[in-house]
Amino acid sequence: MNYTHLNLYDYFYNLVKQIPEGCITTYGELARALGDIRAARAVGYMLSINQDPDKIPCYKVVHTDRRMGKYALGMDEKEKRLRKDGIRISNGIVENFRERFFSDFKTDYPLKKLQDEQENIASMANFRDGIDEDNFSAIDVSYDGRRGYGALISYNRGEYSIINIEMEVDFPYIPGYLGYRETPFVEKLADGVDGVLLIDANGLLHPRKCGLATFAGVVMDRATIGVAKSLLMGKLDDNGYIIYNNEKLGYAINRHTIVSPGNKISLESSIRKIKLLGKGKYPYILKQAHNETVAMRKRRLPS
DNA sequence: GCGACAG
DNA sequence: ATCTTGTCGC
């Protein structure tokens with residue numbers, strides 16, 4: 001199963017280049033041009049790692065409430081560049097915000113298209129048991145800017161083994177779109193390793209029923225279980241289940257161990273498996289995978 | 001004004 | 001996730 005490989009960084013920086021001379025826009029407006037207001041923080045993040053502030057004019061992006069916002073080259077520099085464009089600033093507030101506000105981006109709202117794709121992928125997930133659960137692997141990824149460090153720790157046929165990889169990412173973290181960021185790691189790490197994949201994320205417990213565990217599970221036609229450390233959405237009922245729109249989508253083993261099925265496994269089996277593995281706590285194998293990715297990243301940091 | 005917001 | 005340029009809703 002294939003899916004859209006979109007370089008959201010490139011797409012985004014091209015949107016920023018569209019802001020006309022003498023105009024400003026907001027983080028939120030750029031997020032809407034991407035297709036989802038929930039990308040607003042990712043907009044700030046992508047601007048913060050902008051490698052070319054002269055060609056990609058991120059100084060033109062300000063807060064919705066007219067505050068100037070931050071700038072990697074310093075607030076004074078942002079104010080200076082804005083003033084040069086005729087933007088009036090007083091006490092860090094944009095005075096002529098209204099007449100200089102630009103929102104007419106030429107865009108095809110890529111995140112909306114990805115949402116449609118997620119719904120389609122979700123419709124292909126199945127939650128029937130049948131896969132051998134005795135062999136399993138845990139996957140996690142750490143980041144340093146656009147560089148990602150992924151690790152897989154597997155317990156197969158009584159033996160532990162570890163695989164790690166390093167790749168550049170072309171998609172930032174945006175709540176609801178983790179599949180597009182991390183599926184490439186899952187595919188590469190789990191290729192040739194059999195058994196159930198435990199993924200540090202949600203599966204069914206997702207606004208479009210397509211968290212990373214489901215997304216990657218369907219793409220790879222593999223059994224996956226999502227084990228998140230915090231609640232993305234929904235409410236806990238009296239029995240520990242997580243309910244969203246009157247549907248049971250997940251289960252909280254504890255406050256920091258949120259289980260939802262990804263693909264080719266039921267919610268009940270997912271709960272049983274993770275409860276057993278972690279003895280009611282966050283499974284150690286997932287913690288190990290996380291520790292490994294952090295170690296990889298620190299090893300690579302400039303010495 | 002404070003929390004939500006997978007990683 | 002890292003230590004970092006947000007927004008909305010209660």
Side-chain angles (χ1 to χ4, degrees), chain A residues 12-13 16 24-32 34 36-50 53 56-75 77-79 81-82 92 94 118 139-151 169 171-186 199-216 224-235 242 244 249-250 252 255-260 262 282 286 289-291 293-294 296-298 301:
Chain A
F12 171 74
Y13 291 134
V16 178
I24 49 94
T25 193
T26 64
Y27 301 97
E29 203 54 39
L30 278 162
R32 285 190 192 92
L34 286 173
D36 193 335
I37 184 62
R38 297 187 78 186
R41 281 198 303 186
V43 164
Y45 180 69
M46 290 189 284
L47 293 173
S48 78
I49 61 169
N50 173 16
I56 301 159
C58 53
Y59 70 93
K60 295 176 179 173
V61 185
V62 302
H63 283 284
T64 299
D65 63 7
R66 302 181 172 208
R67 282 178 300 127
M68 255 197 330
K70 300 183 186 175
Y71 197 54
L73 305 179
M75 294 294 288
E77 182 64 18
K78 186 164 184 173
E79 185 164 333
R81 291 187 184 205
L82 285 168
V94 177
Q118 286 178 321
I139 293 177
D140 195 26
V141 185
S142 287
Y143 295 92
D144 173 23
R146 290 182 65 168
R147 182 164 294 257
Y149 304 86
V169 291
F171 207 100
Y173 171 70
I174 304 170
Y177 302 85
L178 186 57
Y180 290 97
R181 179 166 168 85
E182 291 195 359
T183 295
F185 289 89
V186 179
I199 302 179
D200 184 18
N202 290 304
L204 179 63
L205 182 59
H206 180 274
R208 294 168 289 282
K209 300 186 177 183
C210 197
L212 168 62
T214 297
F215 192 99
T224 57
I225 300 173
V227 187
K229 286 189 287 293
S230 69
L231 200 53
L232 169 64
M233 52 170 234
K235 285 188 174 176
I242 296 150
Y244 185 75
L249 300 183
R255 221 181 141 65
H256 301 290
T257 312
I258 314 291
V259 176
S260 63
Y282 188 80
L286 275 159
H290 176 74
N291 290 346
T293 63
V294 172
M296 288 171 70
R297 176 164 52 78
K298 297 205 164 158
L301 250 35

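Here the structure is a predicted model, which is why all the values come from computation and not from measurement. Below, chains carry the letters A, B, ... as their sequence lines are ordered, and counting in each starts from 1.
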- Task: Would you mind reading off the distance between A:Arg38 atom CZ and B:dG7 atom C1', rounded to a whole angstrom?
- Result: 13 Å

- Can you figure out which of C:dC8, C:dT5, B:dG7 approaches the side chain of A:Leu47 most closely? C:dT5

- Minimum-distance nucleotide to A:Ala228 side chain [options: B:dG7, C:dC8, B:dC5]: B:dG7

- Query: For A:Ile199 and B:dG7, what is the distance between atoms CD1 and P respectively, to the nearest whole Å?
  - Reply: 13 Å

- Message: Regarding C:dT5, can its base be found pairing with the side chain of A:Tyr27 as donor and acceptor, where the two atoms are less than 3.5 Å apart?
- Response: yes

- Non-hydrogen side-chain atoms of A:Phe185 and A:Val169 separated by less than 4.5 Å: yes

- Message: Heavy atoms only, 4.0 Å cut-off, all strands: where does A:Tyr177 land among base, sugar-phosphate and nothing?
- Response: base

- Does C:dC8 have OP1 or OP2 sitting under 4.0 Å from an N or O in the side chain of A:Arg32? yes

- Look at the side chain of A:Ile37 and decide which nucleotide, out of C:dT5, B:dG7, C:dT7, has an atom nearest to it. C:dT7

- Item | Ion pair check, A:Arg67 and A:Asp65, cut-off under 4.0 Å | yes

- Query: Roughly how many Å is it from CZ in A:Arg67 to C1' in C:dG6, rounded to a whole number?
  - Reply: 9 Å

- Message: For a quick check of understanding: with a heavy-atom distance under 4.0 Å over all strands, which category does A:Gly176 fall into, base, sugar-phosphate or nothing?
- Response: base

- Query: A:Phe215 and A:Cys210: which non-hydrogen atoms are nearest, and at how many Å?
  - Reply: CD1-SG, 3.6 Å

- Item | N or O in side chain of A:Ser230 less than 4.0 angstrom from B:dG7 OP1/OP2 | yes

- Task: Would you indicate what A:Asp140 reaches in the nucleic acid, counting non-hydrogen atoms under 4.0 angstrom: base, sugar-phosphate, or nothing?
- Result: sugar-phosphate

- Scan A:Gly69 against the nucleic acid and name what it touches under 4.0 Å (heavy atoms): base, sugar-phosphate only, or nothing. nothing

- Task: Return the value, rounded to whole Å, for the distance between atom CG of A:Leu212 and atom P of B:dC5.
- Result: 18 Å

- Message: Measuring from the side chain of A:Thr26 (C-beta onward, heavy atoms only), which nucleotide among C:dG6, B:dG7, C:dT7 has the closest atom?
- Response: C:dT7

- Message: Just to be sure I understand the rule, does A:Ala72 reach a base, reach only the sugar-phosphate, or reach nothing, if contact means heavy atoms closer than 4.0 Å?
- Response: base

- Task: Measure the distance from CD1 on A:Ile174 to C1' on C:dG6 and round it to the nearest whole Å.
- Result: 13 Å

- Can A:Arg81 be said to sit on top of A:Tyr71's aromatic six-ring, NZ or CZ under 6.0 Å from centre and within 45° of the ring axis? no

- NA contact type, A:Tyr143, heavy-atom cut-off 4.0 Å: base, sugar-phosphate, or nothing? sugar-phosphate

- So what does A:Asn202 hit on the nucleic acid, given a heavy-atom distance under 4.0 Å: a base, only sugar-phosphate, or nothing? base

- Message: Expressed as a whole number of angstroms, how long is the span from A:Tyr244:OH to B:dC5:P?
- Response: 10 Å

- Does C:dT5 have a Watson-Crick or wobble partner in any strand here, with both distances under 3.5 angstrom, and which is it? none

- Query: Can you check the A:Arg66 CZ to C:dG6 P distance for me, whole Å?
  - Reply: 19 Å

- Message: Is A:His63 close enough to C:dT5 that one of its side-chain N or O atoms is under 4.0 Å from OP1 or OP2 there?
- Response: no

- If only side-chain N and O atoms of A:Ser142 are considered, is one of them under 4.0 Å from the OP1 or OP2 phosphate oxygen of C:dA1? no

- Message: I need the minimum non-hydrogen distance between A:Asn202 and A:Ala228, along with the two atoms involved.
- Response: OD1-CB, 3.5 Å

- Task: Could you tell me which non-hydrogen atom of A:Leu212 sits nearest to which non-hydrogen atom of A:Glu182, and how far apart they are?
- Result: CD2-OE1, 3.5 Å

- Task: Provide, to the nearest angstrom, the distance between the CG atom belonging to A:Asp36 and the P atom belonging to B:dC5.
- Result: 14 Å

- Message: Can you tell me if A:His290 touches the phosphate of C:dA1, counting only side-chain N or O atoms and a distance under 4.0 Å to OP1 or OP2?
- Response: yes

